[in-house]
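All values below come from the heavy atoms of this structure, side chains included, with hydrogens, waters and symmetry mates left out.
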Amino acid sequence: MNKVRKFVLTTWRPVLQVTRMCCDAKVKNLVAFPDVNIGEGKLKYILAKVYVHGEMGQSKTVIRGVSRVKYHLDVYDQLQKEANKLDLCTQCLGGGIMVHDNDKHYIKIYGRSQTLGRADHHEAREVLHEHDKYSSYKIDAESGGQDA
């Protein structure tokens, strides 16, 4: 029995260490992943969760807003590519329209994505307020509104 125990312990310890290092790297990637990346002007935006594969408990809510795209799915595709480079997964929570005026420190959030559905605009407002750059902004989030 001691021989078996020695074999199992010597085999599993390095495997556990490698697993921990791999998981730690993914969690570090998640922590370093930018919460907000939005342009200026009228944007199509999405609200999404980014997480470590298989661990939805370790996730963060992110916002991406891009002008000059035809569909909200184009914004989501960009987010997926960004997350895949860091070995992270995404889940889209919906989309809408955002008007960002950097000079006036004002953001208006409204509307919905016909493909992805309506994002929770109040949650998007909270994510923006938590970000250092947008904490002093006046952010209006409409519960109803126009279609995107």
Side-chain angles (χ1 to χ4, degrees), residues 9-148:
L9 289 177
T10 57
T11 306
W12 281 99
R13 281 186 184 146
V15 170
L16 287 174
Q17 288 174 347
V18 168
T19 304
R20 268 193 218 116
M21 287 188 307
C22 176
C23 291
D24 288 344
K26 289 181 181 180
V27 171
K28 287 178 186 176
N29 287 342
L30 179 63
V31 170
F33 197 83
D35 296 345
V36 179
N37 187 356
I38 59 174
E40 191 163 343
K42 188 173 180 180
L43 317 164
K44 291 193 187 260
Y45 93 93
I46 60 160
L47 187 68
K49 291 257 187 220
V50 177
Y51 60 96
V52 176
H53 182 72
E55 298 182 32
M56 277 295 279
Q58 296 183 7
S59 66
K60 70 190 309 186
T61 304
V62 300
I63 295 176
R64 293 296 181 267
V66 181
S67 61
R68 299 185 182 187
V69 293
K70 192 168 184 179
Y71 302 107
H72 286 90
L73 278 176
D74 296 332
V75 180
Y76 185 59
D77 287 343
Q78 291 176 13
L79 174 65
Q80 281 186 313
K81 288 176 186 172
E82 185 181 352
N84 285 340
K85 288 179 186 175
L86 298 174
D87 210 18
L88 298 171
C89 298
T90 61
Q91 177 186 13
C92 189
L93 303 175
I97 302 294
M98 183 181 291
V99 179
H100 177 204
D101 188 340
N102 201 26
D103 297 333
K104 295 180 181 178
H105 287 267
Y106 176 75
I107 296 175
K108 180 179 180 180
I109 304 169
Y110 65 94
R112 65 185 298 272
S113 164
Q114 291 180 351
T115 307
L116 303 174
R118 183 184 316 272
D120 183 346
H121 301 319
H122 296 288
E123 184 178 356
R125 180 177 61 192
E126 293 304 315
V127 172
L128 288 167
H129 270 300
E130 290 171 3
H131 194 274
D132 293 337
K133 183 176 179 181
Y134 305 106
S135 60
S136 64
Y137 275 53
K138 181 180 186 313
I139 301 174
D140 289 333
E142 295 182 3
S143 57
Q146 304 170 346
D147 287 339

Chemist: SG of Cys92 to CG of Leu47: how many Å apart, nearest 0.5 Å?
Modeler: 7.5 Å
Chemist: Please report the interatomic distance CG(Asp101) to CD(Glu40), rounded to the nearest 0.5 Å.
Modeler: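 With rounding to 0.5 Å, CG (Asp101) is 6.5 Å from CD (Glu40).
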Chemist: Holding to side chain to side chain donor-acceptor pair (under 3.5 Å), I want the full list of residues that pass it with Thr90, two or more places apart in sequence or in another chain.
Modeler: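 Testing Thr90 for side chain to side chain donor-acceptor pair (under 3.5 Å), a comparison that skips the adjacent residues, returns Tyr76.
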Chemist: Could you pull out the closest heavy-atom pair between Leu128 and Met98, with the gap in Å?
Modeler: CD1-CE, 4.2 Å
Chemist: Taking side chain to side chain donor-acceptor pair (under 3.5 Å) as the definition, give me every residue that meets it alongside Tyr71, ordered by chain and number, with sequence neighbours left out.
Modeler: none
Chemist: Run the ring-ring contact (aromatic ring centres under 6.0 Å, His included) test against His129 and tell me which residues pass, sequence neighbours left out.
Modeler: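 If we apply the ring-ring contact (aromatic ring centres under 6.0 Å, His included) test to His129, skipping adjacent residues, there are no hits.
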Chemist: Quick check for you: to the nearest 0.5 Å, what is the distance between Thr61 atom OG1 and Glu123 atom CD?
Modeler: 4.5 Å
Chemist: Please report the interatomic distance CD(Glu142) to CZ(Arg125), rounded to the nearest 0.5 Å.
Modeler: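 Going from the CD atom of Glu142 to the CZ atom of Arg125 covers 11.0 Å.
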Chemist: Could you walk me through whether Ile107 and Ile38 pass the side chain to side chain contact (heavy atoms under 4.5 Å, CB included) test, one step at a time?
Modeler: CA-CA 11 Å; Ile107 296 175; Ile38 59 174; 4.1 Å; yes
Chemist: Would you find a donor on one side and an acceptor on the other, under 3.5 Å apart, between the side chain of His121 and the backbone of Arg112?
Modeler: no
Chemist: Are any non-hydrogen side-chain atoms of Glu130 and Asp35 less than 4.5 angstrom apart?
Modeler: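 Not in contact.
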Chemist: Mind checking the CG-NE2 spacing from Asp87 to His53? Nearest 0.5 Å is all I need.
Modeler: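 Rounded to the nearest 0.5 Å, the CG-NE2 separation comes out at 9.0 Å.
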Chemist: Determine whether a donor-acceptor pair (N or O, by modelled atom type, separation under 3.5 Å) exists between the side chain of Lys49 and the backbone of Leu93.
Modeler: no
Chemist: Do the side chain of Lys60 and the main chain of Phe33 share a donor and acceptor less than 3.5 angstrom apart?
Modeler: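 Checking the backbone N and O of Phe33 against the side chain of Lys60, a donor-acceptor pair under 3.5 Å is found.
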Chemist: For the residue pair Ile109 and Ala124, what are the closest heavy atoms and their distance?
Modeler: CD1-CB, 4.2 Å
Chemist: Within the structure provided, determine whether Ile63 and Tyr45 are in side-chain contact (heavy-atom separation under 4.5 Å).
Modeler: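 Yes; the side chains approach each other to less than 4.5 Å.
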Chemist: At what distance, to the nearest 0.5 angstrom, does OG of Ser67 lie from NZ of Lys44?
Modeler: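 One finds 11.5 Å between OG of Ser67 and NZ of Lys44.
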Chemist: So which atom in Leu79 and which in Ala48 form the shortest heavy-atom distance, rounded to 0.1 Å?
Modeler: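 Of all heavy-atom pairs spanning Leu79 and Ala48, the closest is CD2-CB, 3.5 Å.
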Chemist: Do Asp140 and Tyr106 meet the criterion of a side-chain donor-acceptor pair at a distance under 3.5 Å?
Modeler: yes
Chemist: What's the shortest heavy-atom distance between Ser113 and Leu116, and which atoms?
Modeler: OG-N, 2.9 Å
Chemist: By ring-ring contact (aromatic ring centres under 6.0 Å, His included), which residues pair with Tyr137, not counting sequence neighbours?
Modeler: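 Partners of Tyr137 under the ring-ring contact (aromatic ring centres under 6.0 Å, His included) test: His100, His105, Tyr134.
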Chemist: Taking only residues two or more places apart in sequence, or in another chain, which ones meet Lys104 in a side chain to side chain donor-acceptor pair (under 3.5 Å)?
Modeler: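 Applying side chain to side chain donor-acceptor pair (under 3.5 Å) to Lys104 gives none.
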Chemist: What are the two closest heavy atoms between Val27 and Gln58, and how far apart are they?
Modeler: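 Closest approach of Val27 to Gln58: CG2-OE1, 3.1 Å.
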Chemist: Any salt bridge (Lys or Arg N to Asp or Glu O under 4.0 Å) pairs touching residues 61-83, not counting sequence neighbours?
Modeler: Arg64-Glu82
Chemist: Could you check if a side-chain atom of Val66 sits within less than 4.5 angstrom of a side-chain atom of Gln78, using non-hydrogen atoms only?
Modeler: yes
